[in-house]
Number of protein chains: 2
Amino acid sequence: MKVEEALSVLKKEGYKYTDKREVMLTFFSHENRYRTAKDLLKHMEPNFEGISFDTIYRNLHLFDQLEILESTELNGEKHFRMRCDHHHHHHFICKNCGITKEIHQCPMDDIQDELKGFMIDDHKFEIYGMCPSCQVEAPMY
Amino acid sequence: MKVEEALSVLKKEGYKYTDKREVMLTFFSHENRYRTAKDLLKHMEPNFEGISFDTIYRNLHLFDQLEILESTELNGEKHFRMRCDHHHHHHFICKNCGITKEIHQCPMDDIQDELKGFMIDDHKFEIYGMCPSCQVEAPMY
DNA sequence: TTGTAAATAAGAACAATTCCGTTTTAATTG
DNA sequence: CAATTAAAACGGAATTGTTCTTATTTACAA
């Protein structure tokens, strides 16, 4: 998803434009990987001295809820990335840098009768490891 | 995994037998679902007044590391359950009570070429929702 | 231009988890 | 059986990630 598109989602839903929001969205749009609230804070601080945790978290959750970002939990810390807007898929995630690679295959396709009577409202399929370039830079972690 | 089996793993690995450890393991062996550190603490307190967080967490991690328990992260809180010792599988997890149902199908089986060059060391496939009995007791959550 | 709902700051509060110095205890050894 | 010792547990403080609260500021519609 592009920044302009995200901004128009905000506008359409009645949320206000702020320069902080634009910078946040730009940050994510430039990265093809999962980043934490702390990463975002570090990126914001030079430009917005004294920006509060609250602003960071409130907006991350807003973006997540508006499906501008997608999120996952890794080592007890929430990670966010710009939502991929093409069809449903999953991710390989590099434990080192957070970069992702799409997996165009969903295990739910093959699950029908196994869960009769169970109400399904979500699922998670993620593969963890190290991407090629991190294997070079940091052979062990 | 049974309690006796878990205790023998401990012994084999050179860890000591303590009554607290036995009670912890018995707790998990009686439950077919994911429980939190807090759940375990609540269960321990009546019998072991003043038991410390440290004891709970240290042992949970020890058991996890010895593959006596398996763990997953749900809403920012680690959850543990006795490890299923038959062949590799995944779980449906009830968001309400933590009960699990095995899914005997692993999406990794169909992934070969997609991740050439990526080092894979883990994966997670979980389905979330509500089990039949929770649907009756608590139609909405 | 002004009113108001939304956004933010600043820091307190919170919840889950880990750390640390000390004491106790299970299992080993003399 | 006593002495030893390494592991385990205690008790509470510290840390980390996140949320809440109150007051203040700001975007933007009327």
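The basis for the numbers below is simple: all heavy atoms, side chains too, and nothing from hydrogens, waters or symmetry mates. Note that this is a predicted model, so its numbers are computed, not measured. By convention in this document, chain letters (A, B, ...) are assigned in the order of the sequence lines, proteins followed by strands, and residues within each chain are numbered from 1.
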Next item on the list: Starting at atom CG of Leu60(A), determine the distance to atom C1' of dA7(C), rounded to an integer number of angstrom.
Entry: 15 Å

Margin query: At 4.0 Å (heavy atoms only), tell me whether Ser52(A) reaches a base, stays on the sugar-phosphate, or touches nothing.
Written below: base

Item checked: side-chain hydrogen bond (donor to acceptor under 3.5 Å, both in side chains) partners of Asp54(A), counting only residues at least two apart -> none

Note to self: Under 3.5 Å, is there a donor on one side chain and an acceptor on the other for Thr72(A) and Lys124(A)?
What the structure shows: yes

Margin query: Quick check against the 3.5 Å criterion: does Arg83(A) have a side-chain atom that pairs as donor or acceptor with the backbone of Glu70(A)?
Written below: no

Next item on the list: Give a yes/no on whether any side-chain N or O of Arg58(A) is located under 4.0 angstrom from OP1 or OP2 of dA7(C).
Entry: no

Pair up each side-chain donor or acceptor in residues 3-19 of chain A with any protein partner under 3.5 Å, not counting sequence neighbours, and list the distances.
residue  : atom : partner  : partner atom : Å
Ser8(A)  : OG   : Glu5(A)  : O            : 2.9
Tyr17(A) : OH   : Glu22(A) : OE1          : 2.5
Thr18(A) : OG1  : Arg21(A) : N            : 3.1

Checklist line | Sequence-aligned protein contact record of nucleotides 13-20 of chain C, with B where the base is within under 4.0 Å of a protein heavy atom and S where only the sugar-phosphate is | finding: ---SBBBB

Next item on the list: Specify the closest pair of heavy atoms between Asn75(A) and Glu73(B), including all atoms of both residues, with the distance to one decimal.
Entry: C-OE2, 3.8 Å

Item checked: Positions of residues 39-51 of chain A (non-hydrogen atom under 4.0 Å from DNA chain C), listed by number -> Gly50(A), Ile51(A)

Notebook entry, point to check: Just wondering, do Leu69(B) and Met82(B) contact through their side chains at under 4.5 Å, heavy atoms?
Noted result: yes

Notebook entry, point to check: Who are the side-chain contact (heavy atoms from CB on, under 4.5 Å) partners of Glu45(B), not counting sequence neighbours?
Noted result: Leu41(B), Ile51(B)

Item checked: DNA chain C contacts among residues 21-36 of chain A, heavy-atom distance under 4.0 Å -> Arg21(A)

Notebook entry, point to check: Dot-bracket for DNA chain C, 5' to 3', with Watson-Crick and G-U pairs under 3.5 Å, [ ] for crossing pairs and | for other-strand pairs: what is it?
Noted result: ||||||||||||||||||||||||||||||

Notebook entry, point to check: In chain order, what residues pass the salt bridge (Lys or Arg N to Asp or Glu O under 4.0 Å) check against Arg35(A), with sequence neighbours excluded?
Noted result: Glu31(A), Asp39(A)

Next item on the list: Give the rounded distance in Å between these two atoms: CG of Leu62(A) and C1' of dT18(D).
Entry: 17 Å

Notebook entry, point to check: Is there a side chain to side chain contact (heavy atoms under 4.5 Å, CB included) between Met108(B) and Ile120(B) once you walk through the steps?
Noted result: CA-CA 10 Å; Met108(B) 295 308 284; Ile120(B) 297 173; 4.1 Å; yes

Checklist line | Heavy-atom pair of closest approach, residues Asn32(A) and Arg81(A) | finding: OD1-NH2, 3.1 Å

Checklist line | Listed once per pair and sorted, the ring pair (Phe, Tyr, Trp, His ring centres under 6.0 Å) pairs that draw on residues 98-127 of chain B, sequence neighbours left out | finding: Phe92(A)-Phe118(B), His87(B)-His104(B), His88(B)-His123(B), His89(B)-His104(B), His90(B)-His123(B), His90(B)-Phe125(B)

Check: Does anything in residues 41-78 of chain B pair up under ring pair (Phe, Tyr, Trp, His ring centres under 6.0 Å), and if so which pairs, sequence neighbours excluded?
Finding: Phe27(B)-His43(B)

Check: Any Lys/Arg nitrogen of Asp121(A) or Lys95(B) sitting under 4.0 Å from an Asp/Glu carboxylate oxygen of the other?
Finding: yes

Next item on the list: Measure from CG on Leu10(A) to P on dA6(C) and round the result to the nearest Å.
Entry: 14 Å

Next item on the list: Please check if the side chain of Glu102(B) supplies one atom and the backbone of His91(B) the other of a donor-acceptor pair under 3.5 Å.
Entry: no

Check: Given atom CG of Asn59(B) and atom C1' of dA26(C), what is their separation to the nearest angstrom?
Finding: 14 Å

Note to self: Could you go through Leu115(A) and Ile103(B), starting from their C-alpha distance and side-chain angles, then the distance that decides it, and tell me whether this counts as side chain to side chain contact (heavy atoms under 4.5 Å, CB included)?
What the structure shows: CA-CA 9 Å; Leu115(A) 291 172; Ile103(B) 303 295; 4.0 Å; yes

Check: By side-chain hydrogen bond (donor to acceptor under 3.5 Å, both in side chains), which residues pair with Thr26(B), not counting sequence neighbours?
Finding: none

Would you list the protein and nucleotides 24-30 of chain D atom pairs, both N or O, that sit under 3.5 Å from each other?
residue : atom : partner  : partner atom : Å
dA27(D) : O3'  : Tyr17(A) : O            : 3.4
dA27(D) : N3   : Lys16(A) : NZ           : 3.2
dC28(D) : OP1  : Tyr17(A) : N            : 3.0

